[in-house]
Amino acid sequence: MKNILKIAGVIFFLVTSQSCKKWVDYSPHDDFQVTDLDYLKSESDYRTMVISCYSPLQWLNQAVPIGDIASDNSVTGGESASDVLGLQQIDDFTHSPNNDYLTEIWKSAYEGINRVNYLTQFKDKNPAGTTISFTGKDALYGEIYFLRAYYYWTLVRFFGDVPLFVDRRLTLADSKTLTRTAAVDVYKQIEADLNSAIGVLPTAPYQPGRVTKYAAQALLGKVLIYQNKFDAAATMLENVIAGPFTLVPEFGDIFLQSGENGPESVFEIQYSNLSPYYNWGGATRGQGNYAVQQCGIRGLNGSSPYAAGWSTNLPSADLAKAYQAGDQRKDVTVLDIEAYKAAHPEYGITYQVAPYKNTGLYNQKYLPRKGETSGQLELNYLNNYRTIRFAEVLLLAAEAYNRSSTPNDAKAQTYLNRVRQRAFKDNQHNITLTGSALTNAIWNERRLELAMEGDRFFDLVRTGKAASVLPKFQANKHELFPIPQQEVEISGLKQNPNY
């Protein structure tokens, strides 16, 4: 799938104007154009266009650091208070509707939705009115239903009520007609898309990184938990638990290049270092994982396996202290550079201390490593995001059983303790709590297991703990991020409260 996704940088995607409909190459290096009628004429066209529907997943890479920077897990760091200003503002809860990072998430998600909608619009007949039938077409559409659900899921978590459209792609003429749809109805569409995907997707990917039935079931289980539909979530997640997934014995192996798309992976966003296209004007729009460069150690030199970066998204001291002694996840998640330097004098490590909000700690899970990028090094890291891991499925199921209408705390403990037994390599740290105490233990375990993977802020919000945990968080405001100002001005969308 990584090599397949390389194609997505040079395929055609639809752009619109009020006077014409045309295709243009996403890459700025080519400028020839074809019309709607020249495309979707064959099975190959459909399959290639589906690949393009995956591409905006890569562009959403800042959603992961934001999910930790906005929480107690990490700080922005960087060279100064004005470095990566949009992330600094999110860290300090001073962000406004003019935040470039949030605007890019909005744009990328809706670009993905528009691409999916183009394919659903022409599922039965192509733009010329011809039916294109081929084996596997239904399963192919299962992939794009999942992708549309994922894009809307991203939007509703960040922004709450958002414009919802599924029947066709938007044109510029539609912009002033858009209104925000209630989050509950957006969730209904997400559920509908995921159920449609589950009905047709295979259980095993025919290429690494392709969406499977299990990925759709896992995402649906998570979506249901966000809506407090715990009974339905438990039933859905059991399908994944009964599937082929296992916990990797060594926690750290998950995040190595050799661990990508492994037995614990339910769904990963694929990145590649093969792209010939780099664009500093759109740093997140390539096929490499830009966020890896961000969290690297500034000015790092020496013979260690790590490469230098920009010292942003630094784990907090609070996160480091949250791990118990013997929990192998701490050293995999948090790299104490001075301790590492002292333990490995043979590497001759030197580095520049991050001068702003320095914690001395670095994001080990996605720390850049030598040899994993090429071309324009900073923009082209190949590291996948481990978007849904089997460990999270177990923790989601534990929460669902614990909070269901008829709680099953024994099963919740079993799933929670499977994760803890891997973390501690023993049974001596098993949890025997019940009721609300067990609920809090499960939420705490999510923090420890999924730290620096982009979930912490959203977990604090959905569980009602954000205001008590985050000192600068304002209730009735910061539960959601602001709608980008240009959408308010151009489309007349109502802004979120208190922005």
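All values reported here derive from a predicted model rather than from experimental measurement.
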Do the side chains of Leu57 and Phe267 get nearer than 4.5 Å, heavy atoms only? yes

If you define the side chain from C-beta out and look only at heavy atoms, does anything of Phe424 sit under 4.5 Å from Gln324? yes

side-chain hydrogen bond (donor to acceptor under 3.5 Å, both in side chains) against Asp193, all qualifying residues, sequence neighbours excluded: Arg148, Gln189

Excluding sequence neighbours, so at least two apart, what forms salt bridge (charged side-chain N to carboxylate O under 4.0 Å, His left out) with Arg422? Glu264, Glu449

Mind checking what makes salt bridge (charged side-chain N to carboxylate O under 4.0 Å, His left out) contact with Arg369, not counting sequence neighbours? none

Is any side-chain heavy atom of Lys477 closer than 4.5 Å to a side-chain heavy atom of Tyr499? yes

Check Asp100 with Lys107, please: is the shortest side-chain N to carboxylate O separation under 4.0 Å? no

Verify salt bridge (charged side-chain N to carboxylate O under 4.0 Å, His left out) between Glu392 and Arg446, making sure each step is shown before the conclusion. CA-CA 7 Å; Glu392 183 181 14; Arg446 283 185 59 81; 3.1 Å; yes

For Asn440, give me all partners under side-chain hydrogen bond (donor to acceptor under 3.5 Å, both in side chains), at least two apart in sequence or on another chain. Lys465

Between Arg386 and Glu260 (salt bridge meaning N to carboxylate O under 4.0 Å), is one present in this structure? yes

Would you call Val211 and Tyr54 a side-chain contact if the rule is heavy atoms closer than 4.5 Å? yes

Applied to residues 335-349, the salt bridge (Lys or Arg N to Asp or Glu O under 4.0 Å) test, sequence neighbours excluded, yields none

For Tyr323, ring pair (Phe, Tyr, Trp, His ring centres under 6.0 Å) partners two or more places apart: none

Within a strict 4.5 Å, meaning less than it, do heavy atoms of the Trp106 and Val162 side chains meet? yes

Taking salt bridge (charged side-chain N to carboxylate O under 4.0 Å, His left out) as the test, write out the residues that go with Lys321, two or more places apart. none

With Leu480, which residues qualify under side-chain contact (heavy atoms from CB on, under 4.5 Å), at least two apart? Asn496

Between Glu453 and Arg329, is the closest basic N to carboxylate O distance under 4.0 Å? no

Hey, could you give me each pair passing salt bridge (Lys or Arg N to Asp or Glu O under 4.0 Å) that has a residue in residues 66-78? Not counting sequence neighbours. Asp72-Arg447, Asp72-Arg456

Check whether any side-chain heavy atom of Phe481 lies under 4.5 Å from a side-chain heavy atom of Phe457, and answer yes or no. yes

Residue pairs fulfilling salt bridge (Lys or Arg N to Asp or Glu O under 4.0 Å) with at least one residue in residues 423-433, sequence neighbours excluded: Glu250-Lys425

Evaluate ring pair (Phe, Tyr, Trp, His ring centres under 6.0 Å) for Tyr362 paired with Tyr306, printing each intermediate quantity in order. CA-CA 11 Å; Tyr362 293 86; Tyr306 299 113; 9.8 Å; no

Applying side-chain contact (heavy atoms from CB on, under 4.5 Å), can you list everything that pairs with Thr359, at least two apart in sequence or on another chain? Val75, Leu314, Leu361

Report the residues that fulfil salt bridge (charged side-chain N to carboxylate O under 4.0 Å, His left out) with Lys357, sequence neighbours left out, ordered by chain and then residue number. Asp91, Asp92

